[in-house]
Protein chains: 4
Amino acid sequence: MTETAGRGRPRSETARAAILDAALELCQRDGYQALTIKGIAEKAGVGRQTVYRWWPTKEAVLMEALRDLALREAARLQPDSGDTLRDVRTLLEATFALVQRLTGEAIVGLMAESQHDPELSSRLQATVIGPRRTALRDLLARGVERGDLSDDDIALDLAVDFCFGTMWYRLMGRHAPVDAALAGQLTAALRRMLAPADDDARHLTR
Amino acid sequence: MTETAGRGRPRSETARAAILDAALELCQRDGYQALTIKGIAEKAGVGRQTVYRWWPTKEAVLMEALRDLALREAARLQPDSGDTLRDVRTLLEATFALVQRLTGEAIVGLMAESQHDPELSSRLQATVIGPRRTALRDLLARGVERGDLSDDDIALDLAVDFCFGTMWYRLMGRHAPVDAALAGQLTAALRRMLAPADDDARHLTR
Amino acid sequence: MTETAGRGRPRSETARAAILDAALELCQRDGYQALTIKGIAEKAGVGRQTVYRWWPTKEAVLMEALRDLALREAARLQPDSGDTLRDVRTLLEATFALVQRLTGEAIVGLMAESQHDPELSSRLQATVIGPRRTALRDLLARGVERGDLSDDDIALDLAVDFCFGTMWYRLMGRHAPVDAALAGQLTAALRRMLAPADDDARHLTR
Amino acid sequence: MTETAGRGRPRSETARAAILDAALELCQRDGYQALTIKGIAEKAGVGRQTVYRWWPTKEAVLMEALRDLALREAARLQPDSGDTLRDVRTLLEATFALVQRLTGEAIVGLMAESQHDPELSSRLQATVIGPRRTALRDLLARGVERGDLSDDDIALDLAVDFCFGTMWYRLMGRHAPVDAALAGQLTAALRRMLAPADDDARHLTR
DNA sequence: TGTTAAGCGAGACGGTACGTCGGGTCTTAAG
DNA sequence: CTTAAGACCCGACGTACCGTCTCGCTTAACA
């Protein structure tokens with residue numbers, strides 16, 4: 001359906017994969033700013049035009065590489081152990097591990113770039129940021145339904161910002177690690193923030 | 001004291017200011033990636049070499065521009081109304097206003113760049129991120145001393161990450177505004193997170 | 001034969017010709033010292049890199065332009081009318097015309113430059129100076145074989161220096177024209193210098 | 001008369017000499033094209049403005065340096081041994097030695113430059129080329145008066161071109177040395193060219 | 001003897017050309 | 001009709017030198 005005709009030489013899947021791999025690797029090695037279409041093509045052993053034929057910019061190449069990665073990890077986004085905060089913790093740990101492993105540099109660069117590129121911004125949102133955000137939001141909302149958490153909408157959104165905001169802030173500022181321990185601390189803090197408004201906690205809501 | 005020799009034509013303060021202004025303005029107009037030393041020099045009405053003479057890279061120019069801004073705003077960093085959380089809210093509002101007004105783009109770009117430049121990373125930390133972070137941390141610590149807040153160290157650091165993490169996350173992702181309302185919500189959430197540890201909240205400290 | 005691989009976009013002959021033309025024209029218009037690769041590229045309507053891809057310096061561009069000119073004129077270098085001195089005169093007239101028409105400025109500049117560039121010096125010798133020199137030398141040598149001229153080797157070399165030395169000296173110093181009249185005077189002087197050592201001239205050889 | 005007022009600090013003769021020396025030395029070391037006012041000033045241990053105050057261009061600096069040299073050598077230009085051709089030989093030997101020793105590079109460069117700078121051309125003529133030319137011309141003319149040489153004016157001018165043309169041609173082309181031997185050969189050739197006009201040589205005068 | 005004015009070394013200033021690198025487009029021959 | 005190769009035009013890079021301009025400091029002649 002994506003392909004119109006069956007004629008002529010078919011697109012090389014080898015080249016596609018080599019380009020995406022090269023893009024991610026170079027971005028991690030030399031940084032987003034130093035990433036170059038010429039460099040990607042050379043590293044991938046591919047003609048420059050082969051990159052331009054399929055992607056308009058280096059941002060698009062990175063986006064596709066990240067999307068491929070994200071798809072492979074998507075399964076872990078919807079755990080359901082019955083314990084909401086345990087599920088939250090699992091999701092955060094998976095996310096932190098992924099982000100540590102290979103994409104921090106690329107995504108921060110893309111985010112910087114998206115400051116002046118609304119189209120990139122929305123694609124980034126749709127592909128990388130949004131799904132994760134939604135997954136966590138859904139998990140929390142399920143907790144509210146189950147009565148595990150209070151039902152304050154603003155607090156729910158803020159809780160998501162809290163988790164991923166802290167993650168990005170630390171990735172960028174490097175003042176503290178982004179690891180399983182952080183997942184634990186965040187989960188614990190969420191427990192307090194989102195505790196059901198029962199008698200014991202009445203004084204907190206004020 | 002900063003100058004060793006008194007000989008030769010002295011540095012032009014006019015040129016310095018014009019360059020810093022031009023850098024900030026162009027960064028906001030066209031984005032960090034599109035910022036160019038050539039562009040800065042032309043906008044400032046200055047020879048290109050005059051930029052290179054004093055700053056090695058566009059990052060350095062931006063850093064100095066941000067530092068100048070930060071110094072001018074430094075006064076607002078230590079309010080003391082007697083009410084810890086009111087002070088926190090004041091600090092956050094001031095920070096959000098500043099960041100909205102003119103530096104978001106630049107700082108996000110610098111942060112992206114600092115992913116592969118440890119030296120830039122630490123200067124960014126020392127100049128822009130750290131002071132604000134410390135200011136908030138100190139405010140919270142004072143609250144602990146006064147008994148307004150619980151004394152959990154991890155929770156304190158996490159609270160700072162919460163505030164500024166959310167700020168950066170929203171600045172980058174653009175999924176929600178960074179304004180006075182957010183300051184209010186964050187302050188309210190902090191109230192719950194850092195409520196003095198009474199019996200009801202003992203489990204949080206683990 | 002000169003090209004190894006047949007792949008990739010072939011070199012543009014249009015660009016090559018435009019560059020050589022522009023170089024000669026600018027050199028004549030503004031002088032050798034003012035000649036600039038940037039200027040050549042712009043005049044030729046060509047990217048700067050296209051010049052640098054094929055020639056390392058402006059000297060190399062000029063050399064190739066002169067060589068092309070020389071090749072087109074090569075035919076006139078070996079006249080044979082049966083009368084040696086008539087042939088000499090023809091050769092000199094052709095050379096003077098060429099040098100007047102368009103290359104004086106360029107060649108003098110290259111010669112100045114070649115004072116500190118042995119490689120340029122030898123290429124200049126091989127391409128521009130040498131062939132002309134050899135052509136005249138051969139003409140004179142043929143005259144010696146035919147008995148038209150005396151066979152003194154030193155005198156023969158000196159005669160060549162006489163003709164072309166005078167040409168360059170006048171081109172540089174501008175104290176006298178380099179024209180057909182000079183060709184006649186030189187030829188006449190050569191007749192005396194190189195007269196066969198017969199009875200009438202014995203006293204000249206000393 | 002050249003100086004208007006006697007007030008203020010007098011010009012530093014030390015600086016003037018250092019600049020002229022530096023110019024000549026750098027020109028010989030790196031070539032005319034690579035000669036730079038900045039380089040001259042630094043080599044001379046002098047402020048750049050001190051060069052610009054007294055000379056408008058590097059050409060002017062070189063001209064003055066050459067003029068100073070020429071003045072010091074002027075004495076040798078008018079030998080009179082009674083034997084015209086011996087005097088010629090002496091003049092040529094002195095000239096060749098001078099030119100070899102230190103000025104070839106500079107003068108060839110200036111000549112190249114003078115192709116597009118009539119003012120420089122005439123100053124070069126007046127200072128460097130002309131005097132030598134005139135000296136030789138006068139020597140030959142004296143020979144004519146004495147009856148040592150034929151009185152053909154064209155031949156006389158051509159003889160001068162012959163001597164200095166050969167010198168420059170060899171200096172530029174480097175195909176043969178410019179030394180005392182050449183002075184001898186040229187003198188010998190002149191003897192033939194300018195032999196008193198007897199019957200055998202009548203046809204030369206046309 | 002103190003004032004004054006020009007020259008001095010130093011070095012920053014606004015410019016321009018350098019030679020390199022990457023951008024994005026194009027034109028080949030090979031598959 | 002895609003691929004690798006690579007030339008094309010364009011323009012930013014960071015450097016060097018241009019010629020001009022301020023500095024603080026001599027260094028005399030004048031007052």
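Protein chains get the first letters and strands the later ones, always in sequence-line order, with residue 1 at the start of each.
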Legend entry - Phosphate OP1/OP2 of dC13(E): any W54(B) side-chain N/O under 4.0 Å: yes
Inset, instruction - Please report the closest heavy-atom contact between I40(B) and A22(B), naming both atoms and the distance. - result: O-CB, 3.8 Å
Legend entry - Atom pair distance, as rounded to whole Å: CD1 in I19(A) and C1' in dT2(F): 12 Å
Inset, instruction - Identify the residue among D117(A), L35(A), L120(A) that makes a side chain to side chain contact (heavy atoms under 4.5 Å, CB included) with E59(A). - result: L120(A)
Inset, instruction - Mind calculating the distance between CZ (R9(C)) and P (dA30(E)) to the nearest angstrom? - result: 18 Å
Legend entry - 5'-most by nearest nucleotide on DNA chain E - T57(A) or E13(D): E13(D)
Legend entry - Closest-nucleotide ordering on DNA chain E, the 5'-leading residue of G47(B) and Y52(C): G47(B)
Inset, instruction - Looking only at non-hydrogen atoms, find the nearest pair between R123(D) and M63(D) and report the distance. - result: O-CE, 3.4 Å
Legend entry - Selected nucleotide, minimal atom distance to R48(A) side chain, candidates dC13(E), dG14(E), dG24(E): dG24(E)
Inset, instruction - Report yes if a donor N or O on one partner sits less than 3.5 Å from an acceptor N or O on the other, where the partners are the side chain of R7(B) and the base of dC23(F); otherwise report no. - result: no
Legend entry - Non-hydrogen atoms of A106(D) and L24(D) that approach each other most closely: CB-CD2, 4.4 Å
Inset, instruction - Look at the side-chain N and O atoms of W55(C) and state whether any lies under 4.0 Å from the OP1 or OP2 oxygen of dG19(E). - result: no
Legend entry - Any L26(B) side-chain heavy atom under 4.5 Å of K58(B) side chain: no
Inset, instruction - Can you sort out which residues in residues 34-44 of chain D have a heavy atom within less than 4.0 Å of DNA chain F? Ascending by number, please. - result: T36(D), I37(D), K38(D)
Inset, instruction - State, with a plain yes or no, whether a side-chain heavy atom of V46(C) is found less than 4.5 Å away from one of V51(C). - result: yes
Inset, instruction - Figure out the CD/P separation between Q33(C) and dC18(F), and round it to whole Å. - result: 11 Å
Legend entry - R11(C) to W54(C) six-membered ring, cation-pi geometry met (6.0 Å, 45°): yes
Legend entry - OP1 or OP2 of dT3(F) under 4.0 Å from side-chain N/O of R53(A): yes
Legend entry - Residue met sooner reading DNA chain F from 5', once A15(A) and P56(D) are mapped to nucleotides: A15(A)
Legend entry - N/O (side chain, T50(C)) to phosphate O (OP1/OP2, dC9(F)) under 4.0 Å: yes
Inset, instruction - Establish whether the base of dC26(E) is bridged to the side chain of Q49(A) by a donor-acceptor pair shorter than 3.5 Å. - result: yes
